[in-house]
Amino acid sequence: MRNQLRKRLLITIPILLFVTLFNFILISLAPGDPVDAFFNPNATAADLEAKRASLGLDKPMIYQYFVWLGNVLHGDFGYSYSSYEPVTKILSYRIGPTLLLMGISMLVAYIIAIPIGIISATKQYSALDHTVTGLSFIGISVPSFFFGLFGIFIFSLNLHWLPTGGMYSLGKAADFGDRVKHLILPVAVLSLSISGKMVRYVRSSMLDVLNQDYLRTARAKGLKEVIVIGRHALKNALIPIITVIGLDIPLLIGGAVVTEQIFQWPGIGQLTIQSINSRDYPVLMAINLLSALFVVASNLLTDLAYRIVDPRIKE
Amino acid sequence: MDNSNSVWRRFLRHKPAMIGSIVFALIVLSAIFAPLLTPYSPYELSQSFEAAPSSEHILGTDLVSRDVFTRLLYGSRVSLLVGVGTVIVYVIIGGILGTLAGYFGGWVDSLIMRFTDIIMSFPFFIVILVMVSILGPAMSNIIFALGVLGWPPIARIIRGSILTIKNQDYIKAGRVLGYSDLRLIFKHILPNIMAPILVNATFGVSNAIIAESSLSFLGMGVQPPRSSWGNILTDAQSMTILAHEPWLWVPAGLMIVITVLSVNFIGDGLRDALDPKKIQ
Amino acid sequence: MDTLLTVDNLQVAFNTDDGEIVGVENVGFNIKKGEVLCIVGESGCGKSVTALSLMGLLGKNGFIKQGDAFFDGHDLRSLSSEEMRKLRGNRFSMIFQEPMTSLNPVLTVGRQLLEPVELHLGLKGEAAKKLCIEWLEKVGIPRPEKVFSDYPGTLSGGMRQRVMIAMAMICSPSLLIADEPTTALDVTIQSQILDLMEELRLESESSILLITHDLGVVAETADRVLVMYAGQVVEEADVFELFENPQHPYTKGLLASIPNVSDDFTERLKSIPGNVPSLQNMPKGCRFCERCSFSMDVCKTEVPPLFDVFPNHKMRCWLGDNK
């Protein structure tokens, strides 16, 4: 087990190298010159050349990559092309809101999806089961931006219950109730984007388990149905779901970009769109590395959790 | 396959899949025959801006006075092309890599599977955003970007199926008889793994449609004046449009939902019909 | 001896997409206290369904359509599912064919063994654990303390079946139903398990309903034998009577198909020609008649009743009519 884990840890290094190199090559292919965006139109060619040299842009791409990598290893992500602030500083403002949004959304999604999937499976082919499968289908079929717009349309513009966006109302940064109100719609949108899929996974995983011989054994012992399901079936059904949670992370990051854009949530997702629009490549590279790191770390964590929970893996 | 008849029968009995197939067929037909279904062109300006639905413009007109219904019809072409195009690209890539990995095994297998792991660890949407913004937000680039990052599941399915089938007696017998590897792959292995690929590809179409509409919604996909369901919805980021001119965004959103839902229903029906556990 | 279990005219049906299908019908038998009754027959003949229906473990789609079943003074058909649950694993219990999949892979052996003890015997903590370890020892598991805290994945098939037996016997039930308990095991392990069951039966004076397709197992363990074919009982007799004086053509066929060391090896193994009819299209008359070399006209049209051919020996065949 320790060996396997070390192998998993070692593979994260090529993954991170590959992701960043891929993006670096991509960005170096970009038409236009980041320096254009930097200077006023009156700058002379010599000024631009000097600036380019100072940014290292006159060197070969691979050389630039290793310079960037070396700096990153020292915690230096460079400066934003558009706001001239250090990239690390920009990210530090943005990461909190995104983690808050994603964390709460995951929690809400799983708290709702897992019990529903289980109940649906134990009552297979009942009216409830059909309703749940139907709704989960709609859940995976509605793009989150449309769901978000619809939410704003109903709850903000018509009912005036919730704000249309942002993280807090002006001057109410410390008001807890206000924060919660601002969270409701984005969390609903983001958690819906993963819970439809999760319900389906839980249901099918549970259905697999419900056909297993050991449940018949449990019933033959005279155990109450609550214990047969809650102790014997549940643990077996939840183990494969841990892996799915890990696979949800990239999906969740994508969902966060769209959700943050709709609700003007001041996180990494919104920053991504802004940086793409302003060709702010140092920021984009940092976002890419950060999200790749996040994906890799969560995969590692779910792997670890899987090994701890499933006794069959220990030899 | 001799059970193709019963697969077909099970698919026909799957009600949501049948409804999905009919709806999807209607959407495809209306995309193909769009010019016959509307008197306008999607780029044609009219006299009225942001006009509410009327007999002249059944879904009203947009910010620059174009007919919304017409733009919806033509927008379906984008969704369908991206959906199907993406899947074709990634089934080809995933098919080749998965087949190589599964059939040859050894270092070829571990190299390809490590590469698959790497691609699966990509923060998918962000990388695609960067790709599309740099390659240029054309439809072909969207298909390319979604396809290049979408293949790992197919590669894994194919590799796994080949590994199980490879050790079955009829393939071993083929080797003993001296058949070439390629012949074995195409004649014996591929027909046997069509079912999981078909199901995955169907869900792939709906995922690609959602991805394209999201990109276009964010302004990183298909660019105006060309219409796509996603970029029609971009206008709804304005609160006045969202609140007071629902014809500008609700129909496009519903079209995405209906299309994706119908494709997903077809996929679900295929999975149930092809599931070997249900064939007894 | 007192009768422990009486089953009469039992009919079990299943709801399927294509309507109701009857899996077992006209099944009746008695088990006396301390007796071993074997139900023998090919797979699909309804022997497992019979056992599961008595346990109330048929699942969502199966149900007892008619007939009676009395167990130790309880009318099993009139019990509520809650009352049934309290008897299960307590007064009667069951072990299954597949020891590899019958134990929960993610719960420890101890946890699974403790469940019936806590539930039916009301023991807690150390006392419960002590009883479990005693039983693990009794069924021949080495290092019982360690196995108690292990997961089933660390045990072999034979060891798991021993755990299953301990689990079934730990509340000292008066009836143990064993559904092909040795089929999935190696031959050497098979006889160990059968010996263990016999040992425990003598000690606890419980009865056993043993389901098997293996006539060797029957000969070794049974007091009485019930032969089933296509959902019906076709012959019932004491074990010696059945082996020495089989009456039903199907039983004769089964016995003839056992290879014998003294057989002439130039001869082919005997087998019964044809296949078991499917539940959906049962023949109108005798269910065996298409494969039977004694078939008469009446067999094709009339269902034979169970005839008493000898004292304590019944068979479902028209050949028994004139006896």
Undergrad: Is A:L251 close to chain B through its backbone or its side chain, or both, or neither, when contacts mean heavy atoms under 4.5 Å?
TA: neither

Undergrad: Is any side-chain heavy atom of B:D268 less than 4.5 Å from a side-chain heavy atom of A:R200?
TA: yes

Undergrad: Kindly write out the residues that satisfy side-chain contact (heavy atoms from CB on, under 4.5 Å) with B:A25, not counting sequence neighbours, or none if the list is empty.
TA: none

Undergrad: Mind checking the CD1-CZ spacing from B:I118 to A:F22? Nearest 0.5 Å is all I need.
TA: 12.0 Å

Undergrad: Tell me the residues of residues 145-154 of chain A whose non-hydrogen atoms fall below 4.5 Å from those of chain B, in number order.
TA: A:F145, A:F146, A:L149, A:F150, A:I152, A:F153

Undergrad: Roughly how far, to the nearest 0.5 Å, is the CG atom of A:L284 from the OG atom of B:S133?
TA: 7.0 Å

Undergrad: Would you call A:I15 and B:F122 a side-chain contact if the rule is heavy atoms closer than 4.5 Å?
TA: no

Undergrad: Checking heavy atoms, do the side chain of B:M220, its backbone, both or neither come under 4.5 Å from chain A?
TA: side chain

Undergrad: Given side chain to side chain contact (heavy atoms under 4.5 Å, CB included), test B:L218 with A:V257 step by step and report yes or no.
TA: CA-CA 9 Å; B:L218 293 172; A:V257 173; 4.3 Å; yes

Undergrad: Which atoms form the tightest heavy-atom contact between B:P123 and A:A292, and what is the distance?
TA: CG-N, 3.7 Å

Undergrad: First locate atom OG of A:S291, then atom CZ of B:F125, and finally report the distance between them rounded to the nearest 0.5 Å.
TA: 12.5 Å

Undergrad: Test: salt bridge (Lys or Arg N to Asp or Glu O under 4.0 Å). Region: residues 20-30 of chain A. Which pairs qualify, not counting sequence neighbours?
TA: none

Undergrad: What option among A:V295, A:I253, A:L26 has the most heavy-atom pairs under 4.5 Å with chain B?
TA: A:L26

Undergrad: Mind listing the closest non-hydrogen atom pair of A:S141 and B:I210 along with its distance?
TA: O-CD1, 4.0 Å

Undergrad: Of the non-hydrogen atoms in A:I287 and B:I126, which two are nearest, and what is the gap between them?
TA: CG2-CD1, 3.9 Å

Undergrad: Would you name the heavy atoms of A:L157 and B:M239 that are closest together and state the gap between them?
TA: CD1-O, 4.0 Å

Undergrad: Does any heavy atom of chain B fall under 4.5 Å from the side chain of A:V296, the backbone, both, or neither of them?
TA: side chain

Undergrad: Please find the pair of heavy atoms, one from A:I276 and one from B:V130, that lie closest to each other, and give the distance.
TA: CD1-N, 4.1 Å

Undergrad: Within the supplied structure, the quantity of interest is the number of heavy atoms (other residues, nucleotides, ligands) at a distance under 6.0 Å from A:Y201 OH; does it exceed 12?
TA: no

Undergrad: Does any backbone or side-chain atom of A:N23 lie under 4.5 Å from a heavy atom of chain B? Answer side chain, backbone, both or neither.
TA: side chain

Undergrad: Given heavy-atom pairs under 4.5 angstrom as the criterion, report whether the side chain, backbone, both or neither of B:S206 touches chain A.
TA: neither

Undergrad: Go through the atoms of B:F115 and report whether side chain, backbone, both or neither lie under 4.5 Å from a heavy atom of chain A.
TA: side chain

Undergrad: Is it true that, when you exclude A:F18 itself, more than 12 heavy atoms of the residues, nucleotides or ligands shown sit nearer than 6.0 Å to its CZ?
TA: yes

Undergrad: Tell me the residues of residues 251-260 of chain B whose non-hydrogen atoms fall below 4.5 Å from those of chain A, in number order.
TA: B:G253, B:L254, B:I256, B:V257, B:V260

